[in-house]
Structures are given as C-alpha cells and as structure tokens.
Amino acid sequence: MDQNGLQPDINDLMKRRIEELNELRSNNFEPFAYSYDVSNYSQEIKNDFEKYESKDVSIAGRIMAIRRMGKASFAHIQDQQGRIQIYLRKDEIGESYTAFKLLDIGDIIGVSGFVFKTRTGETSVHVKSMTLLTKSLRPIPIAKEVIDEEGNKVVYDQFTDKELRYRQRYVDLIVNPEVKDVFIKRSRIVSEMRAYLDNAGYLEVETPILQPLYGGAAARPFVTHHNTLDLNYYLRIADELYLKRLIVGGFDGVYEISKDFRNEGMDRTHNPEFTMMELYVAYKDYIWMMELVENMVNHLCKKVFNKTEFEIEGHAVKFEGSWARVSMVEEIRKITGIDVLTASRSEIYKAAESHGADVKGDESKGKLIDELFEVTVQPNLIQPTFVIDYPLEISPLAKKHREKEGMVERFEGFVVGRELCNAFSELNDPVDQKERFQGQSVMREEGDEEAHQIDNDFVRSLEYGMPPTAGLGIGIDRLVMLLTNQSSIRDVILFPQMKPEK
RNA sequence: GGGCGCGUAGCUCAGUGGUAGAGCAUCUGCCUUUUAAGCAGAGGGUCGGUGGUUCGAGACCACCCGCGCUCACCA
C-alpha cells in the first residue's frame, strides 16, 4: 500500500481518478453507495423492446463506453446480462450531469429513465436520474465492440494477455463476455448433473478431503500437516474408497462432486486441483453404467445446450442414443495385428515403441497394453465411444472380468480422442482386493510413486460385504472443456492454479 | 525437465544498429440522438533485468527473470 492506500502500481490514470473521487465527495456525490433498486436487466429490455418502450426502468451496471457530446452524452453500461446504451442530457438531470462528467469507464452507476430507440435504431434508456454506485479507481483494459455490416461482433484491442486474464479473472470476466458464458455453462452442467443423479434417487454425500491414507487412483498426492495430532495428512486424489465404504454401509447409490488434488505437472489438461464426479450404485455392473453415462450426458446436452450435436475441434459429435462399444483388445488387434492377451510382454513393448509410445521397458504388461492403446486406438475415437475391458494390473480396484482372463470389467468413455469417464464393476472380493493392494505395494517398493497405498480399513469394510456395485468417475473440467469447446483446462476453471505473483 | 516463441505507454501493437512510435484509453477546449462519435490540442516510457559488442543498442551477443505454446508424465 502506498500513501494513498492503494496498491503500489498506481499510475497517473489512477491518480486522476482519485482526484475525481475527491471532487465527487466534495460535491456531495457519495462514490461508494449502499444499494440500488434494479427493475430490469439489459437483455430483457433489448429482447422485448415493444413491451418496454416508453416505460420507466431502473438498471445498474458498469460503464463500458462513454461518448460525450457537450451537454448530452451516450454511454454503454454492462450488467450481468450484457450491455445497453443510456442517454443523458444536462437540461434533464442537472447536477448529476456535472457528476457524470467526473465518471470514467469502469465506474458502476444506477440509472432510471424510459426506454426508447435512437435514430440509428439502438434500444436505449433515456436517463431521468443517475446515481453513482461505485467509483472505479483502476482502469480496465478497454476493448471496443462494434457490430459490422454482416451482424458479427468485432472487438478491437481485446484484453488477451493470458497470464493477466487468469490472475485477474475479475477483469477477464468484465471485458470478455464469452468467458462469462463458459462459466455459466459450467455451472449449469454441474447443476443438471446433480439434478439427474438426485432424480435417479442417488444420495449426494461428502467424504474427507484430508486423508491419512490416499487412494482410489494412481497419482502423487499433496501432503499437509495436522498440528495438534502432529501427523501428516494427504489431500485426496479420489473419493472412491470412501464412497464404496458407504455402499457397504447400506446406501444403494451415492455420489460426490468434489475437488481432488494431484501433485503432478500442470498443462492444457491438468490443474493441480480439479473437479470430479464419482458415482457408485449397488447391484449394478459396468454394462449398466454405460447406459447411465449415455443418458446423463444426453440429458446435460439437452438441458444446458438445447442440442445433442456439438462442433468439437472441427468434428461434428453427437451425444445421442447408444455410444459405440469396442473392446480394447480387439481395437488394438485391428490396428497392430497383435493379440495382447496372448502376446508376450516384450512383443507388446516392441509394438508400443514402434508406434511411438514413450516406454522405458520396465512397465508391467498391463501398462504397456495401455500405452499401446493410447498411441494407436485412442486418437481415432472421435464419436462418443466406450472402450471396454482393461488389463488387471492397471486397475487394482476393478472386478475381474467374468470371462476374460487377466482382464477387469472396466470401461472408459472417449470423445474426439479424449478420455471423458472411467468406470468399472467394483471389486468387492476382500481377499482379491487385499492381494491387489499387496501387488501395488510391491510396485511402490520398486519405485512407482503412483502405486496405490494399502488401505486396510477399506479391505475391512469389504470383509463385511459390499454388494455388487458399479462405479463411475467423470472429470467435470474435461466434460466442460468438451461441451464448451475449450482447449485449455484453465479456460474452464475460474481461478486456475498459477505460480505466485513475483 | 526438453524444444519453439514472447516481454516496448493503462490496453492492443509497430519499430531489423542512428532523436521512443501508432490506435484506443487519459487530460484541455468545442459539440443536446452518438455509437470504434467527431474536430483541435496536450500529457504519459527503467523498451523485463544484468553484463557485453559498438562511436552509437529497444534492436546484436551472453546470462538471468517472467509468461505462453508444445513434448514428456498424468485425469
């Protein structure tokens, strides 16, 4: 803070605004008002001009453009819904016009007046009274918008600096309206998902974020510390093991929409904290779960977007009806000619390497199959597709396949080559689960930091008996990326993780 | 961590070794239906930092810092 009580990066533009603020105060215009009665939003007036024409309205918002013409002025103010033009005349609003001269782009005002159209046909509010609500001391990046002859919106000098946009998302939201749209969509996707699951009778629950053991996924955790207990805790990497305990406890359907935390790299598709929906339903298997995914995603598309066909990375993608269901083993065989069930580990390694997978050679056979799949099959999965049945080694929480040796009953959903969800028939045999954990334990000792920890309490819960259960995980951020056609996870997270400033 | 790129006014950007620039924003004056309003004028810079090459560096070189994209790891 400097002597003016502001952040130290004050400049001449801000000094000028402080002078204006003082001048407003000395003329009895309070620059930080307490409330304002709003009767309408900008878009409802513009969308329904006939209804509002000549009627009085009160609107409030941020000044985004000013055109002063001596004793009259036009301005655009932006509220939650968009922008609308206002018209002010000195002979009608008197002293307020003097105050208006001291206002800047970025200030927040409330106006009341009647609705009219200008000569050039723009719906506007003819102001009869104006109230300053908040004086803005820091200039916002000015972008000018204009509608060209073909009706397209053209933006000049758009605020584009990605770092500043993410760090100061509040500014991004003010000046880039399409950003706001994405987050409104995100919010609606989550609430419609919740509505769908609630309507199906599943119970939304909350499980611990701070966990003494972490589990449910292969990932490295964040570590934190409890002072009184003097113990390290982990931030959860998944909800799975706690939610399945609840199935043991007698809830037949539970879900949680939660933040998970993984201590790994950050890039276009990874943020250290991210939002996951996990669902577990008793007495069901993974085949049943595929239908749920189809129906739920279809529901979201219709409710939030009012359509089921999306343009994603240049592909027309349809979220309708049954998705294709393909066998992982079969798809790999089609492309590489290799039957991973009968092939040796070294054959799969060679194939993975020759198809461009970055394998070191110390991977398990299951991991190599997964690698081979990722480089050969996954990129071709454009339309929504379920890939079915995975190697047992890479799925320590999934139930052994009822027919296929060495495989588990698991599927992942893919769209335009990206993974959308992961699900399985849950492993409920406590002896098998214990053995799988022990296998993971060996991998940990061999240096695999992402191998699962043994969770004896979870095994104990299975010993009491967990009904057959289908489980599902959907990465909410990635789902939103898909449906809003955003290529970076940072564009669907309001405050993406950034290095600290300076 | 590797590769590529970027860093110049509040914002968006020019500036390829010779006086630091433009548009918008800001300020002054004029302007009562304008709309990237207009007209006339003005102010605003540690050219990311440090060192080097050079008579002379915003530019060239080295190193550092910050950021973006991308590859690897991962969901």
Side-chain angles (χ1 to χ4, degrees), chain A residues 9-17 19-20 64-76 83-93 97 101 104-106 116-122 124 126 136-148 153-167 171 175 216-220 237-238 260-276 278 356-360 370-371 374 412-414 418-422 448-450 473-479 481 487-490 498-502:
Chain A
D9 58 339
I10 186 166
N11 58 40
D12 290 345
L13 298 176
M14 295 182 68
K15 284 182 184 149
R16 173 69 202 174
R17 289 185 174 207
E19 288 166 17
E20 288 170 343
M64 297 303 286
I66 304 178
R67 294 176 289 282
R68 301 180 211 271
M69 295 172 301
K71 297 182 183 64
S73 295
F74 287 91
H76 273 102
R83 293 185 184 184
I84 191 167
Q85 181 168 260
I86 62 172
Y87 176 56
L88 310 94
R89 295 168 60 115
K90 185 179 184 181
D91 59 359
E92 291 175 333
I93 62 170
Y97 199 79
K101 284 186 181 168
D104 293 292
I105 291 172
F116 76 112
K117 264 193 181 158
T118 61
R119 263 186 225 159
T120 49
E122 178 163 353
S124 308
H126 191 123
S136 165
L137 298 181
R138 188 177 289 273
I140 59 172
I142 305 296
K144 292 213 169 187
E145 288 182 16
V146 64
I147 310 295
D148 70 13
K153 188 164 80 175
V154 182
V155 183
Y156 297 88
D157 298 339
Q158 187 159 33
F159 179 53
T160 54
D161 185 309
K162 286 197 177 180
E163 185 189 3
L164 289 179
R165 285 183 46 214
Y166 298 141
R167 283 193 195 283
V171 177
V175 302
R220 285 146 67 193
I237 58 171
D260 290 346
F261 306 85
R262 297 187 187 175
N263 204 341
E264 287 157 357
M266 295 156 61
D267 62 22
R268 207 178 75 247
T269 56
H270 297 82
N271 195 60
E273 57 180 292
F274 62 102
T275 304
M276 179 74 94
E278 288 194 37
D358 188 49
V359 286
K360 298 186 192 83
D370 199 39
E371 292 282 344
E374 279 178 26
E412 293 188 305
F414 292 89
R418 299 194 227 160
E419 183 188 336
L420 182 64
C421 62
N422 183 20
D448 185 348
E449 288 183 78
E450 294 180 351
I474 295 186
I476 299 294
D477 311 278
R478 294 191 177 173
L479 174 65
M481 283 170 69
S487 57
S488 169
I489 199 168
R490 289 181 157 186
M498 306 283 286
K499 279 196 212 169
E501 254 176 286
K502 296 211 167 176

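Chain identifiers are assigned alphabetically (A, B, ...) following the order of the sequence lines, protein sequences preceding nucleic acid strands; residue numbering begins at 1 within each chain.
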Taking OP1 and OP2 of [N], is either one under 4.0 Å from a side-chain nitrogen or oxygen of [X]?
X: A:Lys162; N: B:C6; answer: no
X: A:Arg89; N: B:U32; answer: no
X: A:Thr269; N: B:A75; answer: no

Between [N] and [X], counting only base atoms on the nucleotide and side-chain atoms on the residue, is there a donor-acceptor pair under 3.5 Å?
X: A:Asp267; N: B:C73; value: yes
X: A:Glu122; N: B:U33; value: no
X: A:Thr160; N: B:U12; value: no
X: A:Arg119; N: B:U33; value: no

| Nearest heavy atoms of A:Arg89 and A:Tyr97, plus distance in Å |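 Heavy atoms of A:Arg89 and A:Tyr97 come nearest at C-CD1, 4.0 Å.
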
When we call it a touch if two heavy atoms are under 4.0 Å apart, what does [X] touch: a base, just sugar-phosphate, or nothing?
X: A:Arg68; answer: base
X: A:Asp260; answer: nothing
X: A:Arg490; answer: sugar-phosphate
X: A:Lys71; answer: base
X: A:Ala217; answer: nothing
X: A:Arg16; answer: sugar-phosphate
X: A:Glu92; answer: nothing
X: A:Asn271; answer: base
X: A:Glu20; answer: sugar-phosphate

| B:A25 - base-pair partner by Watson-Crick or wobble geometry, distances under 3.5 Å |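 Answer to the pairing question: none, since B:A25 forms no Watson-Crick or G-U pair.
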
| From B:U33, B:U70, B:C67, nucleotide with atom closest to A:Arg167 side chain |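 So the nucleotide nearest the side chain must be B:C67.
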
| Minimum-distance nucleotide (side-chain atoms of A:Ala72 versus B:U32, B:C27, B:U33) |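 Output: B:U32.
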
Distance in angstrom units between [X] [atom1] and [N] [atom2], rounded:
X: A:Lys101; N: B:C27; atom1: NZ; atom2: C1'; answer: 14 Å
X: A:Glu371; N: B:A72; atom1: CD; atom2: P; answer: 10 Å
X: A:Leu137; N: B:U26; atom1: CG; atom2: C1'; answer: 15 Å

| field | Ion pair A:Glu19/A:Lys15, N-O distance below 4.0 Å | value |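 Here A:Glu19 does not pair with A:Lys15 in a salt bridge, since their nearest N and O are not under 4.0 Å apart.
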
